[in-house]
Amino acid sequence: MILFYTLLDIGFKRLFLRLISEIRTRIEKKLDSKLLLFWTLRGTNYPVLRNTLQSFSSCRLSSPQKSLEEPTSLEFEFLNETRSLAWPIEWESRDWSRLWQFNLHYFDWARGWLENALKTSSWPEDAKNLEYLIDHWIKANPPGYGDGWHSYTISLRIRNWIWLFRCCPGLQNTFRVRSLWEQLCWLESHPENYNGGNHWIENLTAVAICSLQFRGKRSYQMYRRAISLLEHELDSQILPDGGHEERSVSYHILLLDRIIELGLVIQDSLNERPEWLIQRIDVMYKWTLKIRLYNANFPIFNDSASDGCPDIDTIISFAHQYLNESSGANNNLRGLMSHSVYKSLPLIEIKDEAFIREPIIDLPETGWTILRTDDDWELVFKCGVSSPKHIAGHAHSDTLSFNLLKQGKPLFIEAGTSLYEKGVIRSYERSAAAHNMLQLGIDKNNFSDKNINWIEPVEVWGSFRAGRKAEPLERMSGYAADGSLWTTGSHNAYRRHGAQHQRSLKLTVKDNNQTYLTLRDEIRCKQTMYWRQLWHLGPNQSDLIFHEIIDQVKKNFPCNYDISLTSFSERFGKRISRKTLNLYGIFTPGKHNIDIKLLLPSLT
């Protein structure tokens, strides 16, 4: 059944593109890499790099001093996991997760070395091996084989190589520039258009940026085609409220960063500022401003680890520079790019207190509502479409979940995302049980957690799959007569079982500056159903508030509860212990209201 809904959501066009891609991949695995390269290049001569970004000359770095001998081992840290790799590096291994391996192929770590050199005017010690690493990657990864030739890893790597070559002309040679061209041609001929989403935009921005670095008819044709497709794709993927269709802040920030970078390269190379690109950057920038929480935090609905993207304030400043044609400080790569184009004084750094904090932010297409009180509480409520139908790989089963923070410190917060590898942890972090939700279940046997079929608002499965997805029925927010801020919403996930669920949340600040959270879960059911209500504390928060919740619920419903240790992940590979309350019981046919009113504590 889940597979049926997945195929239905994908659509025939994307299914056809996926089928073509799978057939091509199977054929290419049987072919020699030289033949694959010949077909990809299609007789094109190797072009030379154009003299773009000429103003980098005033800030060009000397290439990192090359070690006299090849290294014996190298240490890399990705996803909060450090590994020492023996030389020569094994670029493909089953000893680590695929996402860790992808990070190795990205060369983001090399860009990090470059950023350090721009900031301090000296390369880190590890950078002495940079030339060995670039050359070894080329020799050890023949065209078309392994994760290094996955279109997504190529998209990130060729962009990083471009900035290395531009800032350090000494790193350029025929061998490396030819490899850059080969990777560009492969990427252009192996699009992830069957996926759509952030991968397809990454492909297109990388092709557009990289093609502008070369002279020649084919590179210009690549650029024009990529730009045309990107304009269409941004119109499709960016929602009317400014958010990206995958409803993940970290991927939204990544894509905003990419298209600003593209805008600067176009302006520097062609002296153009496409109006459609300015409009997309502007609406995405304004959305980012709205969802920014205190202390540069942001909502973590869906897959949205904080270290999965650049710092939110960095990208807000970067967008501000592009939209206002102002430069940044030239001691980092983004500032250097804007400085090379605009050559004006750097912008004043954006401070936390400079952000406009409207009491109610409603993002109807994204499906989020943010309530903000004068005493710095922020409640983020999710009620809306979980993801685009054709790409639900980053979706969580978190409809009607909420997070509550004060000045960036969470009192109630969902589990977050710690990894992408298939398994128990990944399944849990995407499930309703990992979120602050009420969930209904059915079972014909005696009451037992092991026998209950808990109904998921989004039927997540595998690492990046989802089946049936709940649709929002209503979503509203506003001001109460006493000045309280409220939001409410419902979805149709339980309708096929003869049940409905509506959740309402309210924040009230009294005259004595005490803030109250009021929650109501209203359930109607036509059959006996099981229920559980989950409350996940932030790390280091006292579980005394759980006993208030238990006492209030037990006044109206016979129920059981347990308090357990679970985890919260703000970053990949790092899970922090915290406590979770699980209240559970049985609803008989009829209408039921669970009402809870909490005096919010001072946070530790």
Side-chain angles (χ1 to χ4, degrees), residues 241 243 247 249 287 289-302 304 352 355-364 366-384 396 398-416 434-438 472 474-480 482-491 501-510 513-522 533-539 541 545-546 548-549 552 568 570 578 581 594-603:
D241 62 19
R247 278 87 171 173
V249 178
W287 185 92
L289 285 174
K290 290 176 181 178
I291 60 87
R292 182 194 184 275
L293 306 178
Y294 272 99
N295 295 328
N297 286 304
F298 52 72
I300 60 170
F301 297 130
N302 288 345
S304 204
D352 190 75
F355 288 90
I356 299 173
R357 302 196 175 279
E358 299 175 25
I360 300 177
I361 295 288
D362 186 50
L363 302 165
T366 302
W368 302 350
T369 303
I370 302 174
L371 306 181
R372 293 186 170 107
T373 64
D374 291 338
D375 59 346
D376 300 339
W377 282 100
E378 294 175 308
L379 185 146
V380 190
F381 179 56
K382 180 172 182 177
C383 176
H396 287 201
D398 56 2
T399 307
L400 304 190
S401 180
F402 75 96
N403 296 314
L404 182 63
L405 308 90
K406 182 166 185 177
Q407 294 185 342
K409 293 181 179 179
L411 174 60
F412 298 115
I413 193 81
E414 59 200 65
H435 301 85
N436 293 305
M437 295 177 60
L438 181 135
E474 64 173 342
R475 55 184 318 277
M476 296 181 292
S477 58
Y479 300 87
D482 62 356
S484 300
L485 310 173
W486 61 268
T487 182
T488 187
S490 61
H491 60 70
H501 173 217
Q502 181 181 56
R503 169 164 278 190
S504 301
L505 295 154
K506 182 169 69 172
L507 287 178
T508 306
V509 181
K510 299 293 187 180
N513 288 326
Q514 291 182 319
T515 302
Y516 291 84
L517 168 69
T518 304
L519 178 145
R520 165 172 281 195
D521 281 322
E522 182 178 321
Q533 191 185 60
L534 297 139
W535 297 79
H536 299 280
L537 282 176
Q541 299 304 327
I545 198 167
F546 283 166
E548 290 186 54
I549 296 170
Q552 291 186 41
F568 162 65
E570 187 179 34
R578 50 82 179 274
L581 170 64
I594 298 179
D595 292 302
I596 298 168
K597 185 174 183 179
L598 301 173
L599 172 62
L600 298 181
S602 300
L603 299 191

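Not measured: the values here are computed from a predicted model.
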Examine the side chains of [X] and [Y] and answer whether a donor and an acceptor come within less than 3.5 Å of each other.
X      : Y      : value
Lys382 : Asn436 : no
Thr487 : Ser477 : no
Asp482 : Ser484 : yes
Gln552 : Asp595 : no

Could you go through the side-chain contact (heavy atoms from CB on, under 4.5 Å) check for Ile370 and Ile360 one step at a time? CA-CA 6 Å; Ile370 302 174; Ile360 300 177; over 6 Å; no
Electrostatic pair Asp376:Lys406 at N-O distance under 4.0 angstrom: no
To the nearest 0.5 Å, how far apart are [atom1] in [X] and [atom2] in [Y]?
X      : Y      : atom1 : atom2 : result
Asp241 : Ile291 : CG    : CD1   : 11.0 Å
Tyr516 : Leu600 : OH    : CG    : 9.5 Å
Ile361 : Thr366 : CD1   : OG1   : 11.5 Å
Glu474 : Cys383 : CD    : SG    : 8.0 Å

Indicate the atoms forming the closest heavy-atom contact of [X] with [Y], along with that distance.
X      : Y      : value
Leu517 : Phe412 : CD2-CE1, 4.5 Å
Leu293 : Arg372 : CD2-NH2, 3.9 Å
Ile413 : Arg578 : O-NH1, 2.8 Å
Pro601 : Ile545 : CD-CD1, 4.0 Å
Leu400 : His501 : CD1-ND1, 3.5 Å
Arg503 : Leu438 : NH2-N, 3.5 Å

Using the side-chain hydrogen bond (donor to acceptor under 3.5 Å, both in side chains) rule, take Thr369 and Arg475 through it: C-alpha gap first, then chi angles, then the decisive distance, then the call. CA-CA 9 Å; Thr369 303; Arg475 55 184 318 277; 3.1 Å; yes
Kindly state whether the ring of Trp368 and the ring of Phe381 have centres lying under 6.0 angstrom apart. no
Kindly say whether the aromatic ring centers of His396 and His435 come within a distance under 6.0 Å. yes
Please report the C-alpha distance between Asp375 and Thr373 in whole Å, then the side-chain angles of each, then the deciding distance to 0.1 Å, and finally whether the side-chain hydrogen bond (donor to acceptor under 3.5 Å, both in side chains) criterion is met. CA-CA 5 Å; Asp375 59 346; Thr373 64; 2.4 Å; yes
Where do Phe301 and Glu414 land on the side-chain contact (heavy atoms from CB on, under 4.5 Å) test, with the steps shown first? CA-CA 8 Å; Phe301 297 130; Glu414 59 200 65; 3.2 Å; yes
Are the side chain of Asn403 and the backbone N or O of Ile300 linked by a donor-acceptor pair below 3.5 Å? no
Any side-chain to backbone donor/acceptor pair from Ser504 onto Thr488? Under 3.5 Å, distance only. no
